[in-house]
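See structure below.
Throughout, protein chains are lettered first and strands after them, A, B, ... in sequence-line order, and every chain is numbered starting at 1.
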2 protein chains.
Amino acid sequence: MVKRQLIIEKALELFAKQGFEATSVQQITEYCGISKGAFYLSFKSKEELILSLIEHSMSQFISEIDYAVNNMQNDRPLYSFFYRTFIGLLKHSNMAKLFIKDQGYSFSDELFLKIRYYDSLTDRIILEMLEKLYGEEIEATKYDLMYCIKGFIQTYSGMFLFNEAPLDVSLLSQTLVEKTDILAKHSTLSFISKDMMEVYEHPQIAKETLLEMLEQKINEIDEPIEKESLVLLKQHLIEPSLSPAIVKGLIENIRNHPHCKWLTYLLRKEILNDWPDGTAPLS
Amino acid sequence: MVKRQLIIEKALELFAKQGFEATSVQQITEYCGISKGAFYLSFKSKEELILSLIEHSMSQFISEIDYAVNNMQNDRPLYSFFYRTFIGLLKHSNMAKLFIKDQGYSFSDELFLKIRYYDSLTDRIILEMLEKLYGEEIEATKYDLMYCIKGFIQTYSGMFLFNEAPLDVSLLSQTLVEKTDILAKHSTLSFISKDMMEVYEHPQIAKETLLEMLEQKINEIDEPIEKESLVLLKQHLIEPSLSPAIVKGLIENIRNHPHCKWLTYLLRKEILNDWPDGTAPLS
DNA sequence: TATAATAATGACTAATTGGTCATTTGTCAA
DNA sequence: TTGACAAATGACCAATTAGTCATTATTATA
């Protein structure tokens, strides 16, 4: 659908300038030269637009980098990684600006989940690359190294994203390759252990927080099936009494409720120790 | 005033959770247990609250770090720097979260200016420290080194700020000292030159952009003095005809207009090559 | 050309926003 | 107890928001 694509592109421009919350649907439709009604023919809500937009750009961005690093016979994977990353950030600069600007994604569970998901994909790409390049010798420091690389990318991209100066991506990539290489070969201390990494990628949620969320959703939701499922899950959380199969079924009941996506994710994790595809702890 | 302090603290909590835009004055007053009117007795607007809040935390934060690095007889300034920085980030964690979340500060010229200002202060502290530590040998790579350090702080703090796991600040600081030291001693390539740094710290604004802004403000503002000053400045920008003293006076005329803060900053910079305290290009 | 089907409109709603101000409440000294 | 002054209230305002829907315009088919 052409209209949909037009809206996505124009909206991305506005979002990048002003952020999600500060950009109104009105503004978007005016900028597209269409009516408000037409917007809601393509997207059922503003949030759906935002989610599509992120899905769209992020999957493309990640796959470009993954391809550059892994699927080519490649004698300088580290250079390729940096190079493709910065080229990708420039290409998707609106999305990148948005990511820097609007980490205030707290206004939507689903959005938060999606961003976390793509972030963990990036982590994994970097880690695999490092392991392939340096092997056992960086076993102890690899997570720190990964964070340093992410730091490099963050600061340097922040520098050029909001400053349309000409950019020598090749030189930038070379200096970052050197830095990464130096760190890989000389670092002895490490701060991030494997355990820590797992905790961070999948932080424990305090039981009370979970109970609070459940309580809130119970009051918020009217559909009887979902409501009862939530009540039962809450009881089970307070005092485990149900079999895993029943719990899994109850979670399934609430899975597709638009207000329960994040809660579902947390319950799966806390009660079933189960994970969405691609976000399981690294083995 | 006690009330003012109460509002600042409570508002900071809410802002850190939800961001500036997503937090309403209503919400703040309810959370404080005061009326809406009482809020406007302490602050003339929501924006004034945000500005005070940033002023409050940032000046404290920066001075703590500056003191730790410079004003102590200190045999490990780099360690102190990292240590104090992370301790400071933890102490002001709400402000720190807000900074990560709400880089969408575009909704206020003054806010943008303030954040830029504190950012450049940090840059300078780091640079001075590096110069003192490593002297001439890092002359070519010091700006890159500074950006790496900022990257370290960004990623590592992002890791623990949203994750109230216990944190060994001392170990973290030590590993970052090692990394910084390794980079300082082995880096040969550099990406950021002195020139580039100056451009970035004080980006050139295209003349047309400035004219556009002027035009917009002229239409927007009713006060006759301010309006005429803007018109004259616009003419001078198109074809320089006024003496520096007159220009300076005209700029002074608009300086305190709430809608002209950012414009004033840019005009000073473009026409007078003058800078607010502490933001002048490094000599 | 006439009819059916789809696409697009924009006035409308209900809710929320930042901000105001006439009114009430509380606290003093006299 | 009174009166004067400051502190605090919350109903109210205009503006803006996301989202709806009866109406109109456009297109395809017969």
To the nearest angstrom, how far is [X] atom [atom1] from [N] atom [atom2]?
X     : N      : atom1 : atom2 : value
B:I7  : C:dG19 : CD1   : P     : 13 Å
A:K3  : C:dA8  : NZ    : C1'   : 7 Å
B:E30 : C:dT16 : CD    : C1'   : 12 Å
A:Q26 : C:dC12 : CD    : P     : 14 Å
B:Q27 : C:dG18 : CD    : C1'   : 14 Å
A:L6  : C:dA8  : CG    : P     : 11 Å
B:I28 : C:dT17 : CD1   : P     : 11 Å

Nearest-nucleotide comparison on DNA chain D, the residue closer to the 5′ end among A:F39 and B:G37: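 Closer to the 5' end of DNA chain D: B:G37.
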Among B:L12, B:L53, B:L14, exactly one meets side-chain contact (heavy atoms from CB on, under 4.5 Å) together with B:N94. Which residue is that?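 By the side-chain contact (heavy atoms from CB on, under 4.5 Å) criterion, B:N94 pairs with just one of B:L12, B:L53, B:L14: B:L12.
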Check each of A:I225, A:L233, A:L230 against A:L250 using the side-chain contact (heavy atoms from CB on, under 4.5 Å) test, and report the only one that passes.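 Among A:I225, A:L233, A:L230, the one meeting side-chain contact (heavy atoms from CB on, under 4.5 Å) with A:L250 is A:L233.
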Minimum-distance nucleotide (side-chain atoms of [X] versus [options]):
X     : options               : result
B:K46 : C:dA11, C:dT9, C:dG19 : C:dG19
A:S35 : C:dA11, C:dT9, C:dG19 : C:dT9
B:Y40 : C:dT17, C:dG19, C:dA8 : C:dG19

Hey, what do you get for CE (A:M95) to NE2 (A:H56), rounding to the nearest 0.5 Å?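 Nearest 0.5 Å value for the CE-NE2 distance: 8.5 Å.
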Look at the side chain of A:T23 and the backbone N and O of A:G19, then say whether any donor-acceptor pair between them is shorter than 3.5 Å.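 Yes, because the side chain of A:T23 sits within donor-acceptor range (under 3.5 Å) of the backbone of A:G19.
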Would you tell me whether B:Y118 and B:E55 have side-chain atoms, one donor and one acceptor, within less than 3.5 Å of each other?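 Indeed, the side chains of B:Y118 and B:E55 share at least one donor-acceptor pair under 3.5 Å.
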Do B:Y40 and B:E48 have a side chain donor and acceptor closer than 3.5 Å?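 No, no side-chain donor-acceptor contact under 3.5 Å.
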When we call it a touch if two heavy atoms are under 4.0 Å apart, what does A:T23 touch: a base, just sugar-phosphate, or nothing?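 Contact class for A:T23: sugar-phosphate only.
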For B:D119, is there an ion pair with B:K150 - N to carboxylate O distance below 4.0 angstrom?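 Yes.
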At a heavy-atom distance below 4.0 Å, which nucleotide of DNA chain D is the first touched by chain B, and which is the last?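 In short, chain B contacts DNA chain D from D:dA8 to D:dG10.
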